[in-house]
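Reviewing the structure listed below.
Proteins come first, then strands; the chains are lettered A, B, ... in the order of their sequence lines, and each starts at number 1.
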Number of protein chains: 2
Amino acid sequence: MRILVIEDEHKIANSIKKGLQQESFAVDAIYNGTEGYDLASTEDYDLIVLDLLLPGMDGLEICKKLRDKQIHTPIIMLTAKDQVEDKVKGLNSGADDYLAKPFAFEELLARIRALARRPKNTITNTLAIEDLTLDTENFVVKRAEKMIELSKKEFSLLEYLMRHPGQILTKDQIINHVWDYDADVLPNTVEVYIGYLRKKIDNSFKNKTILIHTHRGFGYKIGSPK
Amino acid sequence: MRILVIEDEHKIANSIKKGLQQESFAVDAIYNGTEGYDLASTEDYDLIVLDLLLPGMDGLEICKKLRDKQIHTPIIMLTAKDQVEDKVKGLNSGADDYLAKPFAFEELLARIRALARRPKNTITNTLAIEDLTLDTENFVVKRAEKMIELSKKEFSLLEYLMRHPGQILTKDQIINHVWDYDADVLPNTVEVYIGYLRKKIDNSFKNKTILIHTHRGFGYKIGSPK
DNA sequence: TAATCTTCTCAGCCAATTTTCAGCCAAAAA
DNA sequence: TTTTTGGCTGAAAATTGGCTGAGAAGATTA
């Protein structure tokens, strides 16, 4: 799956690129509109992440030109929150989805997954580890068939952990994925949220295996054994 | 159920595609007339959604050609409002139904359901949750046998909720389904309408179960338990 | 045309969630 | 063993999301 990111703010472009690569997509990042358009129209990408405001040629224009050229690659448009989202939508640019800045990386990932969810429902949208399940579409989390109520952040954090089972994730990684890219939260916040999750999915099931593990100095991991 | 969407405005084509897939139809979208015609005449679809104005070959022409070829796949024709609907109808192109742009997705869905209901009235058109019923054909809503008067929007929102019982629907999803695709309403509007519905179907029945539930940060859900 | 109904936005309120802080404990290092 | 560091946790503070009454604007009906 090849993805092209056209975004002039290097910080954002690179964090998107890094994040997507980590999810094993092949990513090219380009920092201005004209070059972006050239690449998009000559190379064959599976998806384009496109900033609305760009030097050279702006997002709307790129989008329209590509569609005019009968290039139907799915496009996700990034818009600054105050950039009159609605107007953009009305303008019929041909983008497939919109995402307001600043966003959490997992948010972008969710939309990419939605667009990539090609023809059939071949893709499961339920993640599972042991008897813990998380339905990404209906926002339902259960352990041993028992419903667990989570807040939005808790859910998002758990989803991130469960998409990387058995893998140690550092607090930094967690912050970069689960929180808005310009949010500026302390690592302690992650600890607090891990605490919340534990209370709900481990502590409430005393006789069950512990699923959330701390690796002191490294990070957290979800999975059966330590 | 395989559906072919022939529509050159990507925004519309894709939102239809996405919405129909969510309803678990298998959907192909094609953005120009010629290709659309080729697909429609070679592949075997159960239904075609066809825009009137298209690059390549326009909707009327496609329609006629298909009928000439003895292809009787049901066709829903999309027409811009000012495109003199009546004239189109008069032209007897062979389409089975017409829908004026811009439309709410649920509107299209209703017509698709109607056409799919072809082989006799095998399908119930009354939705029910506990003692709340909604007759999609006669636009009658009752709780505990008591009639409830709803406005058009309220009805449409309730229908959408009731077609997805027990499922959390986000405000975005709701807006995309219940409002015209180019409408540009705030999420707060959904809150307000949920409020109206609650007043009529929950608050008026103090001794009954509450049916409309909020899941803070996620969306709304209709169903018996929380 | 006036009266009424419907749709939608806005602003203020309240409650739930998110985030920080400070003190504590346990593991690792010295 | 002592010290240091990293992580845990209860509680308070800050922020956000959702609800609601009021009302403007548009649509429909009488």
Side-chain angles (χ1 to χ4, degrees), chain A residues 81 84-86 90 100 102-104 106-107 139 141 148-158 160-161 168-175 177-180 182-204 210 212-221 226, chain B residues 81 100 102-104 106-107 139 141 148-158 160 168-175 178-180 182-204 210 212-221 226:
Chain A
K81 197 164 231 150
V84 248
E85 230 184 302
D86 0 86
F103 50 84
E106 287 295 295
E107 189 83 31
F139 312 107
V141 176
I148 297 176
E149 303 261 344
L150 297 183
S151 80
K152 193 85 188 304
K153 267 270 137 65
E154 289 164 1
F155 183 89
S156 172
L157 169 57
L158 181 59
Y160 180 48
L161 293 174
I168 297 180
L169 302 166
T170 67
K171 287 177 211 170
D172 261 2
Q173 284 179 309
I174 291 174
I175 289 175
H177 279 253
V178 175
W179 272 262
D180 289 353
D182 69 346
D184 159 39
V185 292
L186 308 169
N188 173 249
T189 307
V190 176
E191 296 164 17
V192 172
Y193 271 89
I194 290 284
Y196 294 159
L197 282 184
R198 281 184 165 140
K199 210 171 281 179
K200 294 181 180 178
I201 81 172
D202 279 334
N203 305 357
S204 319
I210 289 175
I212 300 177
H213 308 284
T214 304
H215 290 255
R216 183 175 243 260
F218 298 96
Y220 299 98
K221 193 188 92 176
K226 172 121 195 181
Chain B
K81 198 164 230 152
F103 51 84
E106 287 296 294
E107 190 82 31
F139 306 102
V141 176
I148 297 176
E149 302 266 341
L150 297 183
S151 78
K152 210 160 153 225
K153 267 273 133 68
E154 290 164 359
F155 184 88
S156 171
L157 170 56
L158 182 59
Y160 180 48
I168 296 179
L169 301 167
T170 67
K171 287 177 211 171
D172 262 359
Q173 285 179 309
I174 292 175
I175 289 175
V178 176
W179 272 262
D180 289 353
D182 68 349
D184 157 39
V185 293
L186 307 171
N188 174 250
T189 306
V190 177
E191 295 164 20
V192 171
Y193 272 88
I194 289 283
Y196 295 159
L197 282 184
R198 281 184 165 140
K199 214 170 278 177
K200 295 181 179 178
I201 82 171
D202 278 334
N203 304 356
S204 318
I210 290 175
I212 299 177
H213 308 284
T214 304
H215 290 255
R216 186 179 239 257
F218 298 96
Y220 299 98
K221 193 186 92 175
K226 170 124 196 181

Is B:E191 salt-bridged to B:K171, going by a charged N under 4.0 Å from an acidic O?
yes
Can you figure out which of C:dC8, D:dG21, C:dT20 approaches the side chain of B:V185 most closely?
C:dC8
Among C:dC10, D:dG10, D:dT9, the one nearest A:E191 by side-chain distance:
D:dT9
Rounded to the nearest angstrom, tell me the gap between atom [atom1] in [X] and atom [atom2] in [N].
X: A:D172; N: D:dG6; atom1: CG; atom2: C1'; answer: 14 Å
X: A:R216; N: C:dA28; atom1: CZ; atom2: P; answer: 6 Å
X: A:K171; N: C:dT19; atom1: NZ; atom2: P; answer: 16 Å
X: B:N188; N: C:dC8; atom1: CG; atom2: P; answer: 12 Å
X: A:E154; N: C:dT19; atom1: CD; atom2: C1'; answer: 13 Å
X: A:I175; N: C:dT20; atom1: CD1; atom2: P; answer: 9 Å
X: B:L157; N: C:dT6; atom1: CG; atom2: C1'; answer: 14 Å
X: B:Y193; N: D:dC19; atom1: OH; atom2: C1'; answer: 16 Å

Could you give the angle between the helix axes at the two ends of the helix from C:dT1-D:dA30 to C:dA30-D:dT1, with five pairs per end, rounded to 10 degrees?
30°
Looking only at N and O atoms, is any donor in the side chain of A:Y196 or the base of D:dC8 less than 3.5 Å from an acceptor on the other one?
no
Atom of B:L197, atom of B:L150 and distance for their closest heavy-atom approach:
CD2-CD2, 4.0 Å
For a quick test of reading the model: is some side-chain N or O of [X] closer than 4.0 Å to OP1 or OP2 of [N]?
X: A:K153; N: C:dA16; result: no
X: B:T214; N: D:dC19; result: yes
X: B:W179; N: C:dC8; result: yes
X: A:R198; N: D:dC8; result: yes
X: B:S151; N: C:dT7; result: yes
X: B:T189; N: C:dT9; result: yes

Heavy-atom side-chain proximity of [X] to [Y] below 4.5 angstrom:
X: B:R198; Y: B:T214; value: yes
X: B:I175; Y: B:T189; value: no
X: B:K153; Y: B:W179; value: yes

Classify the nucleic acid contact of B:D180 as base, sugar-phosphate or nothing, counting any heavy atom under 4.0 Å across all strands shown.
nothing
Using a cut-off of 4.0 Å on non-hydrogen atoms, how would the nucleic acid contact of A:F155 be classed: base, sugar-phosphate, or nothing?
nothing
Look up atom CD1 in A:I168 and atom CD in A:Q173, then write down how far apart they are to the nearest 0.5 Å.
10.0 Å
Is the A:F139 ring parallel, tilted or perpendicular to the B:F218 ring (thresholds 30°, 60°)?
tilted
Please say which of A:V190, A:L157, A:T170, A:L169 ends up in a side chain to side chain contact (heavy atoms under 4.5 Å, CB included) with A:Y220.
A:V190
Assuming nearest nucleotide by heavy-atom distance, tell me which of B:K152 and A:V192 is located more 5' along DNA chain C.
B:K152
